[in-house]
Amino acid sequence: MNAKIENETVMEQENTARGETQATEIISMLGSQCTRLMKTIKYILVFCGLVVLLFAVTNYRYSLANERNNQRWIEYLSQYDFVTQDGDGYNYFNSDVGGDVVNGKE
């Protein structure tokens, strides 16, 4: 009977040791998976950061180009004399009329 109890005790200890070993293996496996997942997430975040930085630089460059284009148009249009006027506000677009342009029939 003592041998049977000792045998059961030894088996329980082996099962406990085996369970602890399996638990340790599962925990280490989960730890390694978490480490790989953390590295993957880090790479994804770095990639997304670079994409956002690229978009920001591109947007800044196009805004500078747009500003230069606007300045050129403003300079070009400010040099053009649309309607010449004297000091009294009369234009000389149609000099034979001798005054403001009349819209409609004369």
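By the criterion of side-chain heavy atoms lying less than 4.5 angstrom apart, applied directly or through intervening Ile, Leu, Val, Met, Phe, Trp or Tyr residues, Leu45 is grouped together with Leu37 in one hydrophobic cluster. Taken together through direct or relayed side-chain contacts under 4.5 Å among Ile, Leu, Val, Met, Phe, Trp and Tyr, Met29 and Met38 form parts of separate hydrophobic clusters.
Atom SG in Cys48 sits 12.5 Å away from atom CG in Leu53 (nearest 0.5 Å). Asn59 contributes atom CG, which lies 10.0 Å from atom CG of Leu64 (distance to the nearest 0.5 angstrom). A distance of 9.5 Å separates OG of Ser63 from CZ of Arg68, quoted to the nearest 0.5 Å. Gln79 contributes atom CD, which lies 12.5 Å from atom CD1 of Ile74 (distance to the nearest 0.5 angstrom).
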Using the rule given for side chain to side chain donor-acceptor pair (under 3.5 Å), can you reason through Glu67 versus Gln71, listing the C-alpha separation, both sets of side-chain angles and the distance that settles it, and then say yes or no?
CA-CA 6 Å; Glu67 182 64 28; Gln71 290 298 326; 3.2 Å; yes
